[in-house]
Amino acid sequence: MSTAPRFDRGHTEDLMSFLAAAPTPYHAVASAAERLEKAGFRQVEETDAWDGTTGGKYVLRGGAIVAWYVPESAAPHTPFRIVGAHTDSPNLRVKPQPDAGGHGWRQVAVEIYGGPLLNSWLDRDLGLAGRLSLRDGTSRLVNIDRPLLRVPQLAIHMDRSVPTDGLKLDKQRHMQPVWGLGDDIHEGDLIRFLEEETGLSEGEVTGWDLMTYSVEPPAFLGRDRELVAGPRMDNLLSVHAGTAALVAASNRDDLPYIPVLAAFDHEENGSQSDTGADGPLLGGVLERSVFARGGSYEDRARAFAGTVCLSSDTGHAVHPNYAERHDPTHHPRANGGPILKVNVNNRYATDGAGRSVFAAACERAGVPFQSFVSNNAMPCGTTIGPITAARHGIKTVDIGVAILSMHSVRELCGADDPHMLANALVAFLEG
């Protein structure tokens, strides 16, 4: 059994606070870093020389974070145990020339990021958050956490075909939010507004990475409060659980592995970036950790050969209104425990040996787990799992929590699944 403290419903309540504090990948990694700092981890800069000291460390790069704990017992060839996740979620992101509008309405020009359920963004009160890049080369996080924008839906009186033909949305014409009234479009209005909101001087912002989000907070749902509704569970639920598990595992100095959290950006659009899973970030951090502890290339090869990664991402709970869309023999349920995700065509990285690793972790943690496979007649999504396995040559297993409404502005999970996942991750990291 795991020697770490057991997570309970309090972990789920903390998840809700984490979701509210992390409207963007940049805020998510900042919140994770804050939690790690409180646990004694320290940030290391990629531009500095690294030393071989033990303890908790982390690297921040944009919307990604890699954190690890080197126990006193670690040798240069000690393998890693990695929890992998991603920080980004589908949403509407501000374009380079954001000031738009017409017909008496002031709008913000946005681009569709990833694959959101567009209808879920209609008639929502939206805030605006992200990263501002300043003239002096620094950056500043911004979060306008109040109803600021809205994508208004067309009244049914003006499109009588909706009840019979369904809602059809054009990504360019129909998804631009309004944020005020006026006939004149003034270039720079939005950025000047953000400068004022953050106490910056006019003209100080020279670049931005901004995105909209629903300001409705996460909440327990149901007669017995056994469900949680909230934004960005795909995949901040796993980022939060991985952070908590790494902190819990760092309480021991006799670990047989070096526990790692790797939370990447840009999973929703292919992971090909310097902060994505298909980039060099994770491999570079692991290699530098080996070499900083006096290791050779042979030690690096030995460490990687014994490393296992759990790619933790949300999956699909059986939908009561669309049960026929699921595999008839695999129906993951909310509050049934974390799911093991399998696809023999390598959309997921799990194989039989990986299943044994995860099953052993769940057994040590005392939590049940479920299996997920797609209906043979339906295409299967993918994760950072196969990318991580192929890029670094390490054993990878795809797992997660079963949810409904994936890629909606507001998703749904069982209230007990987050803390069961966290307990399983602790047991995995401890070995």
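Residue numbers count from 1 along this sequence.
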List the residues meeting ring pair (Phe, Tyr, Trp, His ring centres under 6.0 Å) with [X], not counting sequence neighbours, and say none if there are none.
{"X": "H319", "result": "Y322"}
{"X": "W208", "result": "none"}
{"X": "F372", "result": "H316"}

Quick check for you: to the nearest 0.5 Å, what is the distance between [X] atom [atom1] and [Y] atom [atom2]?
{"X": "N343", "Y": "C380", "atom1": "CG", "atom2": "SG", "value": "4.0 Å"}
{"X": "R124", "Y": "L92", "atom1": "CZ", "atom2": "CG", "value": "12.0 Å"}
{"X": "L134", "Y": "E204", "atom1": "CG", "atom2": "CD", "value": "5.5 Å"}
{"X": "L425", "Y": "I399", "atom1": "CG", "atom2": "CD1", "value": "5.0 Å"}
{"X": "L429", "Y": "S250", "atom1": "CG", "atom2": "OG", "value": "10.0 Å"}
{"X": "L118", "Y": "H407", "atom1": "CG", "atom2": "NE2", "value": "12.0 Å"}

Under a 3.5 Å distance rule, please check whether [X] uses its side chain to pair with a backbone N or O of [Y] as donor and acceptor.
{"X": "D265", "Y": "G276", "value": "no"}
{"X": "R93", "Y": "M211", "value": "no"}
{"X": "S120", "Y": "V409", "value": "yes"}
{"X": "S89", "Y": "D234", "value": "yes"}
{"X": "E72", "Y": "T54", "value": "no"}
{"X": "T24", "Y": "G130", "value": "no"}
{"X": "D224", "Y": "E226", "value": "no"}
{"X": "R410", "Y": "E216", "value": "yes"}
{"X": "Q370", "Y": "P338", "value": "no"}
{"X": "T12", "Y": "A415", "value": "yes"}

Are side-chain N/O atoms of [X] and [Y] paired as donor and acceptor at under 3.5 Å?
{"X": "Y69", "Y": "N251", "answer": "no"}
{"X": "D416", "Y": "H419", "answer": "yes"}
{"X": "T383", "Y": "D313", "answer": "no"}
{"X": "D398", "Y": "S311", "answer": "yes"}
{"X": "R300", "Y": "S296", "answer": "no"}
{"X": "Y213", "Y": "N143", "answer": "yes"}
{"X": "R42", "Y": "T53", "answer": "yes"}
{"X": "E37", "Y": "Y58", "answer": "yes"}

Identify whether the distance between the nearest side-chain nitrogen and carboxylate oxygen of [X] and [Y] falls below 4.0 Å.
{"X": "R192", "Y": "E197", "result": "no"}
{"X": "R333", "Y": "D417", "result": "no"}
{"X": "K341", "Y": "D327", "result": "no"}
{"X": "D51", "Y": "R293", "result": "no"}
{"X": "D14", "Y": "R9", "result": "no"}

Could you tell me which non-hydrogen atom of [X] sits nearest to which non-hydrogen atom of [Y], and how far apart they are?
{"X": "A361", "Y": "A424", "answer": "CB-O, 3.8 Å"}
{"X": "A317", "Y": "L404", "answer": "O-CD2, 3.5 Å"}
{"X": "G188", "Y": "D99", "answer": "N-OD2, 2.8 Å"}
{"X": "L281", "Y": "A64", "answer": "CD2-CB, 3.8 Å"}
{"X": "P25", "Y": "D88", "answer": "CG-CA, 3.8 Å"}
{"X": "L19", "Y": "P231", "answer": "CD2-O, 3.4 Å"}

Do [X] and [Y] come close enough that some side-chain heavy atom pair is under 4.5 Å?
{"X": "T243", "Y": "L36", "value": "yes"}
{"X": "V308", "Y": "I394", "value": "no"}
{"X": "Q43", "Y": "L60", "value": "yes"}
{"X": "R232", "Y": "E411", "value": "no"}
{"X": "D351", "Y": "R355", "value": "no"}
{"X": "R150", "Y": "W121", "value": "no"}
{"X": "K95", "Y": "V110", "value": "no"}
{"X": "I258", "Y": "T307", "value": "no"}

Might you work through the ring-ring contact (aromatic ring centres under 6.0 Å, His included) test for F41 and W68, ending with a clear yes or no? CA-CA 9 Å; F41 284 67; W68 65 104; 8.8 Å; no
With side chain to side chain contact (heavy atoms under 4.5 Å, CB included) as the criterion, how do N235 and T87 come out once you've worked through the C-alpha distance, each side chain's angles and the decisive distance to 0.1 Å? CA-CA 6 Å; N235 185 35; T87 61; over 6 Å; no
Taking the six-membered ring for Trp, are [X] and [Y] closer than 6.0 Å centroid to centroid?
{"X": "F291", "Y": "W50", "result": "no"}
{"X": "F428", "Y": "F358", "result": "no"}
{"X": "H86", "Y": "H266", "result": "no"}

Is the CD atom of Q97 crowded by more than 12 outside heavy atoms at less than 6.0 Å?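 Check fails, neighbour count at 12 or below.
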Quick one: do H27 and L236 satisfy side chain to side chain contact (heavy atoms under 4.5 Å, CB included)? Show the steps, please. CA-CA 11 Å; H27 291 81; L236 294 188; over 6 Å; no
Side chain to side chain contact (heavy atoms under 4.5 Å, CB included) assessment of L128 paired with L194: CA-CA 9 Å; L128 188 65; L194 294 175; 4.2 Å; yes
Report the C-alpha distance between L237 and L15 in whole Å, list the side-chain angles of each, state the deciding distance to 0.1 Å, and finish with yes or no for side chain to side chain contact (heavy atoms under 4.5 Å, CB included). CA-CA 7 Å; L237 189 157; L15 166 64; 4.0 Å; yes
Aromatic ring pairing F18/H240, orientation class (parallel under 30°, perpendicular over 60°, tilted between):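 Answer is tilted, since the angle falls between 30° and 60°.
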Please work out which of the three classes, parallel, tilted or perpendicular, describes the rings of F80 and F304, given edges at 30° and 60°.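 Answer is perpendicular, since the angle exceeds 60°.
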